[in-house]
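The next block holds one structure in the form of structure tokens; read it before the comments.
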There are 2 protein chains.
Amino acid sequence: MNKIEAREFKNFAYGHFTKISKALSSPKRFELLDYLAQGPKTVDRLAKETHMSVANTSQHLQALREARLVTSSKVKNHHYYELADNEVAELLQLTKRLAERQFPDMGEVRTLETTAGGSVPVMSSADALEEVASGRAILIDVRAEDEYASRHLTHAVSIPLAQLEEKLEHLPIGKKVIAYCRGAYCLYASDAVRFLRERGFEAYRLDEGPATSAISQELDTAGGKIL
Amino acid sequence: MNKIEAREFKNFAYGHFTKISKALSSPKRFELLDYLAQGPKTVDRLAKETHMSVANTSQHLQALREARLVTSSKVKNHHYYELADNEVAELLQLTKRLAERQFPDMGEVRTLETTAGGSVPVMSSADALEEVASGRAILIDVRAEDEYASRHLTHAVSIPLAQLEEKLEHLPIGKKVIAYCRGAYCLYASDAVRFLRERGFEAYRLDEGPATSAISQELDTAGGKIL
DNA sequence: CATCTATTCAAGTAATTATTTGAATAGATG
DNA sequence: CATCTATTCAAATAATTACTTGAATAGATG
């Protein structure tokens with residue numbers, strides 16, 4: 001075969017593959033995708049969540065759209081962005097898992113129960129499933145309500161972190177409380193656990209979020225209620 | 001929680017995740033990994049296969065090693081690089097699959113049987129499995145011998161492309177010939193198919209290589225012989 | 001031990017990417 | 001219709017990344 005033609009073909013193929021990985025290669029864009037894995041969101045909201053300027057957020061989202069990792073739609077004068085395909089979430093997950101395997105101090109975040117703000121007791125999904133099923137524990141989702149609505153773990157109850165204090169009285173005394181948020185690298189659940197422990201609850205954070213894992217799929221996406 | 005501390009934690013986490021995707025974000029490095037998915041290789045050989053300068057190849061390989069996607073070892077004065085983890089191959093595969101799904105003209109490479117140098121008949125792995133099992137076809141691996149040795153499909157026979165002409169007489173007359181190489185984006189199998197068709201064989205290229213897919217795992221890695 | 005081969009290193013240039021700023025647009029709302 | 005909100009666009013600067021060239025090293029081999 002003609003060498004020039006062959007090179008063009010390879011450039012075409014590898015050029016396309018790397019549109020995907022280029023889009024994933026910026027920490028900010030990776031973080032945006034991580035938020036979008038919780039459900040559709042507006043530019044404005046993503047800008048607040050990631051502490052970026054709106055213009056910068058918009059530009060990153062456009063880059064993600066060009067790489068076909070997200071799609072956008074207009075409702076009134078809000079533009080909603082969302083993941084283009086469930087495989088995008090899988091790609092995020094696989095990348096995280098590989099990072100955890102290959103960089104020892106990454107893996108520790110999950111296993112040694114350390115997070116920013118001090119360490120917090122962690123419970124594995126397998127244990128949590130058992131505790132919740134047996135009625136010894138309740139599972140709370142401390143993300144925003146719409147994220148809970150878009151997808152959550154079975155039997156989880158929605159208590160956004162900001163409302164935890166006011167809803168404290170609704171929590172059953174004597175039961176363990178297992179909190180989760182977006183995943184192991186989101187800090188809301190840790191904040192919730194510290195808050196609850198200061199008030200005498202036996203609280204744990206779940207080692208993952210609703211976007212991941214075989215066990216999460218057993219916990220699943222239905223059930224639960226908004227407290 | 002303290003905001004500065006939280007931001008540092010996120011920078012740490014997302015910074016690590018994107019070490020992986022940054023490493024994958026260059027077409028040349030993606031191509032290098034694709035070659036390394038066939039087995040360990042030296043810098044020199046990779047430079048030839050990818051048509052890059054040795055210095056440039058070496059630098060890219062060092063970047064991949066820093067991202068923990070490959071490891072290196074020294075045998076005499078040859079440095080062998082290889083994939084650090086099987087999940088790296090999975091990541092390549094998932095990225096390719098996503099690109100095929102999201103970019104229509106990418107997907108066509110596989111389904112419309114077009115490749116550089118003119119289109120060539122393609123056979124799916126499922127069909128190939130059946131044809132080979134029933135004895136109506138033979139499966140040939142046209143990659144280098146050491147790549148075949150490192151991992152190949154069951155019942156495949158090794159005939160490196162360069163030796164195809166001299167080994168033509170060993171091919172059974174009247175049987176279909178199904179050729180494969182590194183995967184859908186490698187052109188050796190297409191070259192082999194065109195060569196064989198010009199000489200009267202009913203030849204097809206397999207739609208994937210040994211690094212991928214559920215069906216490949218049925219075809220598997222053992223069996224076969226070097227012709 | 002001189003030389004060869006394989007690989008890495010260092011420096012420089014070219015190219016690409018990220019972020020900020022301020023202006024532009026498009027659709028709601030008073 | 002004037003104004004407000006949400007988002008995008010354009011231009012400029014700062015930062016990072018890619019590739020080339022030529023020299024340096026380290027281990028074989030004659």
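Numbers restart at 1 for each chain; the letters A, B, ... are given by sequence-line order, proteins then strands. Keep in mind it's a predicted model, so treat the numbers as computed, not measured. All values below were derived from every heavy atom in this structure, side-chain atoms included, with hydrogens, water molecules and symmetry-related copies excluded.
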Any-strand Watson-Crick or G-U partner of D:dT13, both distances under 3.5 Å: C:dA18

The side chain of B:Lys74 lies closest to which of these nucleotides: D:dC19, D:dG27, C:dA18? D:dG27

Complementary nucleotide for C:dT13 - Watson-Crick or wobble, under 3.5 Å: D:dA18

Partner of C:dG30 by Watson-Crick or G-U wobble geometry, both contacts under 3.5 Å, or none? D:dC1

With a distance cut-off below 6.0 Å to the six-membered ring centre and an angular limit of 45° from the axis, does A:Lys96 pair with A:Tyr185 as a cation-pi contact? no

Using the side-chain heavy atoms of B:His78, tell me which of these nucleotides is nearest: C:dT7, D:dT7, C:dT19. C:dT7

Hey, is OH on A:Tyr188 packed in by over 12 heavy atoms from elsewhere, all under 6.0 Å? no

D:dC19 C1' sits how many Å from B:Leu32 CG, rounded? 14 Å

Expected output: side-chain B:Arg205 to main-chain B:Ala189 donor-acceptor under 3.5 Å: no

Return the value, rounded to whole Å, for the distance between atom CE of A:Met52 and atom P of C:dT20. 10 Å

Using heavy-atom distances to pick each residue's nearest nucleotide on DNA chain C, tell me which of A:Ser26 and B:Asp44 is more 5'. B:Asp44

Report yes or no: does B:Tyr81 contribute a side-chain atom to a donor-acceptor pair with the main-chain N or O of B:Leu64 at less than 3.5 Å? no

Sugar-phosphate, base or nothing in reach of B:Ala55, heavy atoms under 4.0 Å: base

B:Leu61 CG to C:dC9 P, straight-line distance once rounded to whole Å: 12 Å

Shortest side-chain distance from A:Val43, nucleotide among C:dA18, D:dT7, C:dT8: D:dT7

Quick one: B:Leu64 CG to C:dT7 C1', roughly how many Å, whole number? 16 Å

What is the distance from CG of B:Leu24 to P of D:dT17, rounded to the nearest Å? 15 Å

Selection from D:dT8, C:dT29, D:dA28 that lies nearest to any side-chain heavy atom of A:Tyr81: D:dT8

Taking C:dT20, C:dA11, D:dG22 as options, the one with an atom nearest any side-chain atom of A:Asn56 is C:dT20

May I ask you to verify if any side-chain N or O of A:His60 is less than 4.0 angstrom from the OP1 or OP2 atom of C:dT19? yes

Considering only side-chain heavy atoms of B:Lys28, which listed nucleotide, C:dT7, D:dT17, D:dC19, is closest? D:dC19

For D:dT25, what is the paired nucleotide under Watson-Crick or G-U wobble rules, both distances under 3.5 Å? C:dA6

Nearest whole angstrom, please: distance from the P of D:dA15 to the NZ of B:Lys22. 15 Å

Respond yes when some side-chain nitrogen or oxygen of A:Arg29 is under 4.0 Å from OP1 or OP2 of C:dA18, and no when none is. yes

Taking the six-membered ring for Trp, is the centroid-to-centroid distance between B:Tyr14 and B:Phe17 below 6.0 Å? yes

Presence of salt bridge, A:Asp146 and A:Arg45, under 4.0 angstrom: yes

Side-chain atoms of A:Gln62 come closest, of D:dC9, C:dA28, D:dA28, to D:dC9

Without decimals, in angstroms, what is the distance between A:Glu31 CD and C:dT19 C1'? 16 Å

Could you work out which one of C:dA18, D:dT7, D:dT5 sits closest to the side chain of A:Asn77? D:dT5

For atom OH of A:Tyr80 and atom P of C:dG27, their distance in whole Å: 17 Å

Tell me whether the OP1 or OP2 atom of C:dT7 has a side-chain N or O from B:Ser58 closer than 4.0 Å. no

Looking only at side-chain atoms of B:Gln59, point me to the closest of D:dT7, D:dC19, C:dT7. D:dC19

Give the intermediate values and the outcome of side-chain contact (heavy atoms from CB on, under 4.5 Å) for residues A:Thr95 and A:Phe30. CA-CA 10 Å; A:Thr95 305; A:Phe30 201 108; 3.9 Å; yes

What contact category does B:Thr42 fall into here, base, sugar-phosphate, or nothing, at under 4.0 angstrom with non-hydrogen atoms? sugar-phosphate

